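Written below as structure tokens is the structure these notes are about.
Each chain gets a letter, A, B and so on, in the order its sequence line appears, and its residues count up from 1. Bear in mind the structure is a predicted one, so any value in this text is a computation, not a measurement.
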Number of protein chains: 2
Amino acid sequence: MARPANPQTRTRLLDAALGVIRAKGYAATTVDDICQAAGLSKGSFFHHFASKDDLAVASAGHWSEVTGALFAGSDYHRHEDPLDRLLAYVDLRRQLIRGTLPEFTCLVGTMAQEAYETSPDIRDACWASIHGHAETLVPDIQAAMDAQGIDAGWTAESLALHTQAVIQGGFILAKASGDARHAVEAIDHLRRYIESLFHAEGRPESASASRSIMGASA
Amino acid sequence: MARPANPQTRTRLLDAALGVIRAKGYAATTVDDICQAAGLSKGSFFHHFASKDDLAVASAGHWSEVTGALFAGSDYHRHEDPLDRLLAYVDLRRQLIRGTLPEFTCLVGTMAQEAYETSPDIRDACWASIHGHAETLVPDIQAAMDAQGIDAGWTAESLALHTQAVIQGGFILAKASGDARHAVEAIDHLRRYIESLFHAEGRPESASASRSIMGASA
DNA sequence: AGATATATACCAACCAGTTGGTATATTATC
DNA sequence: GATAATATACCAACTGGTTGGTATATATCT
């Protein structure tokens, strides 16, 4: 009927938003910032999004898709043992801490903290992203618990969410200190915790996740 | 010399800033917001602070003082054993999760995430607050390590920082979900981790930190 | 009086969102 | 297969309101 909906343009705006918001925060990011980063005009922006908040919600969804594809396509799923898969996931998260802070930190963690009181829509979209990602870990955690007959005072769901809490908290320390190693060390502690829960102190890291180039100490 | 420097006014502005910034985030907080919350005028604000960023730095320092006094005056230090002191600290942090999210979440964790790339002064002030607080835990952790002859792949400093990472991460989950119990559960996992590190699985919580009114499950 | 503290009025810059309009692709009609 | 009609995609310029910050007046204290 008309000029085809150009998904590239909308995606360009969303991708630009991911970068700018992670660097400056959501409130400090202007629509013009995003347009400039995307090489598009404001008119185009408001053609694709009803408001800045609408973009925030959409960018949380976009974030879920991008990161979801990354994890779904990653090969840590190939381990036979569910506990190995869980530990390989943790190793992957550790390995992904590379480059600059805006590159590896979490969009929805950042936005949630700014918008949780003022914008329920954004908050819900952020929670859907965090919670949805955590849910992907639950089957493996539950299987590992079942395999060992573990029945402690915690659930698979709560441990899955805890992994996200540790990672988010590590990002905050890294941002505040300017040193990404603090995020790496938080994940190292997380791995040690999971090993202790499953009495798996000895399990080695997968080869692909061996000591990162950052030289962070264990 | 003249009218005495009225510390009440400055403190009123700082206290107002703590509340507003934790609720709305730093960038979304306007100077007028803070003035209104403090019941003071803009002229007064800029008499006491050179700029909004100057207030942010000062409020991080104020935060350190307020929270520092709270923890210094708390009675978890009275335990004889350093490990008991550490666990009692964790229990206190758990217990402090009460009321609304802006009331119990962390100012400097919030600000760091917004300003880390754009304002080095604010970032440094936030890191000084987080790091300084973590440092207060190091002597007890080190003493507990020494008492048990622990020499693992982690340091007292890194565990101290990890406690802060877990707490900060728990706050993010609580904000995103709107449910404070997620912060409580993160701290429960943290306690379990510390117990496992020091082979202290059985130690009971102190009476004052017994199950919170929130009814969060262990 | 002299210095500090607080208030009011104001401004220039900025920002989210609007407007009016152009370009381009698809479809309908011949 | 040309062309008119139509709908979408995009843009530059503009607007109304907001924001950080300033200028200046008044009040209070020694």
Within less than 4.0 Å of OP1 or OP2 of C:dC14, is there a side-chain N or O belonging to A:Thr30?
no

Check whether any side-chain N or O of A:His48 sits under 4.0 Å from OP1 or OP2 of D:dT8, and answer yes or no.
no

With respect to the phosphate group of D:dC10, does any side-chain polar atom (N or O) of A:Thr9 fall under 4.0 Å of OP1 or OP2?
yes

Rounded interatomic separation in angstrom, taking CG from A:Asp54 and P from C:dA16
14 Å

Side-chain H-bond candidate by donor/acceptor type, B:Ser51 with B:Asp54, under 3.5 Å
no

From C:dT6, D:dA12, C:dA16, pick the nucleotide closest to the side chain of A:Ser41?
D:dA12

Round to a whole Å and report the spacing from CZ of A:Arg12 to P of D:dA9.
14 Å

At under 4.0 Å, does any side-chain N or O of A:His47 touch on OP1 or OP2 of D:dC10?
no

Has the side chain of B:Thr136 got a donor or acceptor atom that lies under 3.5 Å from a matching backbone atom of B:Gly132?
no

For B:Gln36 and D:dG20, give me the distance from atom CD to atom P, rounded to whole Å.
13 Å

Within 45 degrees of the axis of the six-membered ring of A:Tyr26 and under 6.0 Å from its centre: does A:Lys52 put its NZ or CZ there?
yes

Rounded distance in Å - CG (B:Asp53) to P (D:dT19)
16 Å

Taking A:Glu157 as the fixed residue, which of A:Gln142, A:His162, A:His131 is the one that meets the side chain to side chain donor-acceptor pair (under 3.5 Å) rule?
A:His131

Could you say whether B:Ala28 or B:Phe46 is positioned toward the 5' end of DNA chain D, judged by the nucleotide with the nearest heavy atom to each?
B:Ala28

Parallel, tilted or perpendicular: rings of A:Tyr89 and A:Phe71 (30°, 60°)
tilted

By nearest-nucleotide position on DNA chain C, the 5'-leaning member of A:Gly43 and A:Thr29 is A:Thr29

For atom NZ of B:Lys42 and atom P of D:dT19, their distance in whole Å
8 Å

Let me know the distance between CZ of A:Phe45 and P of C:dA16, rounded to the nearest Å.
8 Å

Measure the distance from CG on A:Asp32 to C1' on C:dA13 and round it to the nearest whole Å.
13 Å

Between D:dG21 atom C1' and B:Ile34 atom CD1, what is the distance in whole Å?
14 Å

